[in-house]
2 protein chains.
Amino acid sequence: MKSDTQETQADAVAGKIRALILNGTFHPGQPLRQEALSEQLGVSRTPLRHALQSLAEDGLVEITGYKGARVKELDQGMVSDLFDMRLLLEPLALRSALRHHTKLDFAKAEMALDAADAEQDLAKLAELNWDFHYALYRPSNRQTLLRTIEQLNKASAFAEVMASSIAVRSEKSSSEHRKLLQACQNGDEVGAVSMLREHLQLARHDIRNWEE
Amino acid sequence: MKSDTQETQADAVAGKIRALILNGTFHPGQPLRQEALSEQLGVSRTPLRHALQSLAEDGLVEITGYKGARVKELDQGMVSDLFDMRLLLEPLALRSALRHHTKLDFAKAEMALDAADAEQDLAKLAELNWDFHYALYRPSNRQTLLRTIEQLNKASAFAEVMASSIAVRSEKSSSEHRKLLQACQNGDEVGAVSMLREHLQLARHDIRNWEE
DNA sequence: GCATGAGGTATTGGATACAATTATGAAATC
DNA sequence: GATTTCATAATTGTATCCAATACCTCATGC
């Protein structure tokens with residue numbers, strides 16, 4: 001997961017802001033003032049600005065020229081779109097990866113699951129969620145596909161947190177994840193794919209119920 | 001297509017650099033030095049940096065911390081991934097849009113096609129290409145889906161230009177586009193979707209043949 | 001001869017200062 | 001009283017300057 005690129009302050013700050021958003025410290029629609037944030041996080045406005053731009057790419061904040069950045073509102077169609085896309089793309093990645101899985105991949109996936117079961121912090125839980133899925137998809141070695149799926153997952157995590165769904169269904173999610181992992185280990189392609197589909201549909205359903 | 005957000009110099013510069021890349025002035029792998037570019041484009045390094053970050057999001061350049069930005073190399077799997085994804089996502093957008101098309105949408109699409117037939121500049125041709133597809137998908141009103149599809153289209157345009165494919169198959173592409181538009185106007189859902197699929201597959205095929 | 005490390009240069013990342021734009025609010029006008 | 005206007009403040013975008021990091025050369029040791 002670690003890239004060879006030297007981490008810059010902007011990246012670090014982006015991570016911190018992401019955590020603050022996912023933890024609920026910053027709520028949807030809230031404006032993110034550059035000066036205040038920069039002093040709060042102990043950096044200048046320059047890297048902060050880059051961080052905000054990064055978060056905008058990930059769909060967590062919305063930037064409007066000369067008007068500033070605010071935490072994105074979770075609109076009605078966003079959840080549908082995200083999960084429709086994930087339902088189309090992730091089975092493709094999983095199928096491409098299935099023949100190339102190694103024991104190390106399964107170990108990484110299981111490690112993420114175990115850590116998730118003990119995790120309370122929502123931001124870290126979301127991160128572990130992605131670690132699990134990524135472990136299963138990465139052996140496909142399809143970088144471009146993986147990058148898009150990662151974006152969609154990050155945005156989904158945002159939606160789940162906003163809908164207070166990620167905490168509520170964590171134990172359900174865990175069992176679904178373990179079944180999916182088991183199917184992958186057995187080399188059961190149709191089972192794994194259908195388990196993945198079911199998992200995504202259940203997640204979407206639970207989010208839907210929480211938004212009014 | 002114009003958003004209400006005030007265009008900033010960073011955005012303008014991003015557009016210029018994108019054009020320079022698509023026109024072949026900057027070739028893949030070439031490093032993009034900030035100082036040189038900033039003086040060439042008449043802006044400071046600060047907005048230039050933001051522009052490069054934007055282009056990195058679009059997948060046209062690659063940024064590595066403290067090492068700089070370079071025009072992205074067109075790797076083998078990228079084309080496959082992009083078109084696999086487009087083949088899954090764009091039919092969904094088209095189907096969602098079909099019932100909501102208005103005469104204005106068709107007019108916009110046709111205008112883009114007519115302009116494309118007379119266009120020589122590769123960057124503008126790529127832009128018109130997207131304008132056409134966007135006109136057909138936008139009535140779906142699915143913003144998140146559209147945003148992802150836009151990214152994929154921009155990246156595809158990059159790949160097509162790099163493979164010297166966009167110029168060669170422009171007349172073929174035009175006829176495919178017009179058939180697709182016709183099917184949409186007739187309200188022929190299955191015809192439109194299959195035409196779209198064929199169009200994408202042909203584009204992928206022609207790119208494949210040009211890369212060695 | 002080749003690896004290795006010190007030093008200097010080139011280039012990027014970050015901090016600060018300044019300009020451009022937008023939001024705010026009070027006064028004037030209908 | 002509501003609305004428009006204009007000035008002022010708050011906020012973002014841009015330019016400039018400084019610091020951190022990577023790259024390249026060249027000396028030095030084996």
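Chain identifiers are assigned alphabetically (A, B, ...) following the order of the sequence lines, protein sequences preceding nucleic acid strands; residue numbering begins at 1 within each chain.
- When the side-chain hydrogen bond (donor to acceptor under 3.5 Å, both in side chains) test is applied to Gln30(A), the partners found at least two apart in sequence or on another chain are His27(A).
- Residues that satisfy the ring-ring contact (aromatic ring centres under 6.0 Å, His included) test with Phe106(A), not counting sequence neighbours, are His101(A).
- With sequence neighbours excluded, no residue satisfies side-chain hydrogen bond (donor to acceptor under 3.5 Å, both in side chains) with Ser44(A).
- For DNA chain D, the outermost nucleotides in 5' to 3' order that have an atom under 4.0 Å from a heavy atom of chain B are dG13(D) to dC23(D).
- Taking CG of Leu98(B) as the reference point, atom SG of Cys184(B) lies at 5.5 Å (rounded to 0.5 Å).
- His177(B) and Phe132(B) have tilted rings, their planes meeting at an angle from 30° to 60° on a 0 to 90° scale.
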Expected string for nucleotides 8-20 of chain C under the B/S/- scheme (protein heavy atoms, under 4.0 Å, primed atoms plus P, OP1, OP2 as sugar-phosphate) is ---SBBBBB----
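- Tyr137(B) has its side chain out of reach of Asp105(B): every pair of non-hydrogen atoms, C-beta onward, lies at least 4.5 Å apart.
- Under the ring-ring contact (aromatic ring centres under 6.0 Å, His included) criterion, His50(B) pairs with His50(A), not counting sequence neighbours.
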